[in-house]
Amino acid sequence: MALDPDDPRPPYMQVANALRAAILTKVFKAGDKLPSRAELAKKYDVAPMTVQNALRELRDEGLIVSRQGSGVFVRERTERPVGLRPHIERAFAADHVTIDFAGFSGETLHGVIQEPLDKIRIGRLTPDSIHVRILVPDPTVPWSVPSTVEDKADSPAFRARAAEIMRRHTLSIIDNVTELGTLGLVKEATAEVRVHPAAPLFKLYLINNEEAFFGFYPVKEHVLSLDGKPQAIYDLMGKDAILFHHSANDDDTSTGSQYVEQARTWFDSLWNTIAEDFDR
């Protein structure tokens, strides 16, 4: 299983990414012993030092632990919190891909979805269908948060700025996904954005109706330039949100499938009732 020669990442990062995905998707479960360094070097056709550097990355992330004289093992409860990217990449290996997102702007989704879409363009991934739905707050109505620090009031200038960020990321996702259908690379490819009047305090990803990722938005103060003037804002910090993973395929808990089902029910309830198409 040689590494991808077209991948711009260093070999140790590619090995680390492959092992991380295997751990997070439970190919290697909590407590499992990983193959030896020599076995991994042979599997990925790399030098043992490359494997050692990859394992150091995973050890620094808290995914694995070394036991002297015994080997390297997957740490307990590595599934919480998690990184989203390996799961998104794995989802696109399925024949039918569905991604539902509810949150503030879709910026993170835009970032993590680009690589699998690029792999479809060059023929390395070949799903039959892709369906993406995005729920974001309506920037045309006042928000309770984000708000001004001075009087905790809605800021129309901030909403206008946020609207441009939403449009940039969500519309880029729409264009990139639907283009695959237009080019005939995917039989069915749709992406939709709807807005709702509630201020989101969390982000939610539902992937292939099997996995849910949930994270709270921390509210923090920072200063922005709005209409040419500095403005202190209590903002939702999406990049600081730690995601927690729930899987309908978990063998060790009965709550995973229930969480995924309820998350999907919640998403559909907004999508089919108070959400409206995003005014482009």
Side-chain angles (χ1 to χ4, degrees), residues 80-85 88 99-114 132-175 191-207 212-246 259-260 262-280:
R80 298 177 176 83
V82 299
L84 181 66
R85 187 179 298 273
I88 291 287
I99 297 177
D100 292 336
F101 167 78
F104 190 59
S105 69
E107 181 176 0
T108 300
L109 176 60
H110 183 203
V112 299
I113 205 174
Q114 289 306 304
V132 179
R133 299 189 299 175
I134 301 171
L135 275 172
V136 290
D138 188 347
T140 67
V141 301
W143 291 342
S144 56
V145 62
S147 65
T148 62
V149 170
E150 182 180 6
D151 51 10
K152 297 184 177 64
D154 171 64
S155 170
F158 182 91
R159 281 191 284 111
R161 175 181 179 273
E164 289 306 312
I165 294 173
M166 289 178 191
R167 288 190 179 93
R168 181 166 68 250
H169 293 293
T170 60
L171 298 186
S172 179
I173 292 172
I174 290 176
D175 290 343
E192 302 174 77
V193 182
R194 292 186 182 180
V195 296
H196 59 89
L201 296 177
F202 62 86
K203 60 169 61 178
L204 173 70
Y205 301 84
L206 291 164
I207 302 176
F213 297 82
F214 178 92
F216 294 102
Y217 284 125
V219 178
K220 296 183 179 180
E221 176 182 347
H222 67 132
V223 177
L224 298 173
S225 178
L226 300 174
D227 293 336
K229 299 178 181 179
Q231 174 70 68
I233 292 288
Y234 285 130
D235 199 0
L236 303 171
M237 308 305 292
K239 293 182 179 179
D240 293 339
I242 296 175
L243 293 178
F244 294 85
H245 178 216
H246 301 268
Y259 188 95
V260 173
Q262 290 302 309
R264 181 55 182 263
T265 298
W266 174 86
F267 188 97
D268 285 340
S269 72
L270 261 68
W271 185 267
N272 295 321
T273 56
I274 61 176
E276 301 178 349
D277 290 340
F278 190 17
D279 183 5
R280 304 190 187 187

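In what follows, residues are counted from 1 in the order of the sequence shown. Note: hydrogens, waters and symmetry copies are ignored here, and every other heavy atom, side chains too, is used.
For Y205 (side chain) and I88 (main-chain N/O), no donor-acceptor pair under 3.5 Å exists by modelled atom type. Between the side chain of S155 and the main chain of T148, no donor-acceptor pair closer than 3.5 Å is present. Put simply, the side chain of D138 gets close to the backbone of T140: a donor and an acceptor are under 3.5 Å apart. When atom types are taken as modelled, the side chain of D154 and the backbone of W143 share a donor-acceptor pair closer than 3.5 angstrom.
Taken to the nearest 0.5 Å, the OG1 atom of T273 stands 10.5 Å off from the NE2 atom of H196. The structure places OG of S172 at 11.5 Å from CD of E107, a figure rounded to the nearest 0.5 Å. Taking CD1 of I113 as the start and OG1 of T108 as the end, the distance is 12.0 Å to the nearest 0.5 Å. Here the NE2-CD1 distance, from H110 to I174, works out to 11.0 Å after rounding to the nearest 0.5 Å. Taken from NZ in K203 to CD1 in I242, the straight-line distance is 11.5 Å, to the nearest 0.5 Å. Once rounded to the nearest 0.5 Å, the distance linking CG of D100 with CG of L135 reads 8.0 Å.
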Next item on the list: Would you check, one step at a time, whether the test side-chain contact (heavy atoms from CB on, under 4.5 Å) holds for V149 with Y234?
Entry: CA-CA 6 Å; V149 170; Y234 285 130; 3.8 Å; yes
Next item on the list: Report the C-alpha distance between R159 and V141 in whole Å, list the side-chain angles of each, state the deciding distance to 0.1 Å, and finish with yes or no for side-chain contact (heavy atoms from CB on, under 4.5 Å).
Entry: CA-CA 9 Å; R159 281 191 284 111; V141 301; 5.9 Å; no
Item checked: Residue pair R133, D268: steps toward the side-chain contact (heavy atoms from CB on, under 4.5 Å) verdict -> CA-CA 10 Å; R133 299 189 299 175; D268 285 340; 2.7 Å; yes
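Shortest non-hydrogen contact noted between F158 and D235 is CZ-OD1, 3.4 Å. Taking every heavy atom of both residues into account, V145 and A199 meet most closely at O-CB, 3.4 Å. Pairing each heavy atom of M166 with each of F104, the nearest pair is CE-O, 3.2 Å. Here the shortest heavy-atom pairing between W271 and R194 reads O-NH1, 2.6 Å. Of all the heavy atoms in L236 and P200, the pair that sits closest is CD1-O, 3.1 Å. Nearest heavy atom pair, residue A198 against residue P137, reads O-CB, 3.6 Å.
Counting non-hydrogen atoms of other residues, nucleotides and ligands closer than 6.0 Å to CD of E276 gives a total of 12 or fewer.
Checked against the 6.0 Å centroid criterion, the rings of F214 and W266 do not qualify as a close aromatic pair.
Side-chain atoms of L84 and I207, non-hydrogen and from C-beta on, do get closer than 4.5 Å to each other.
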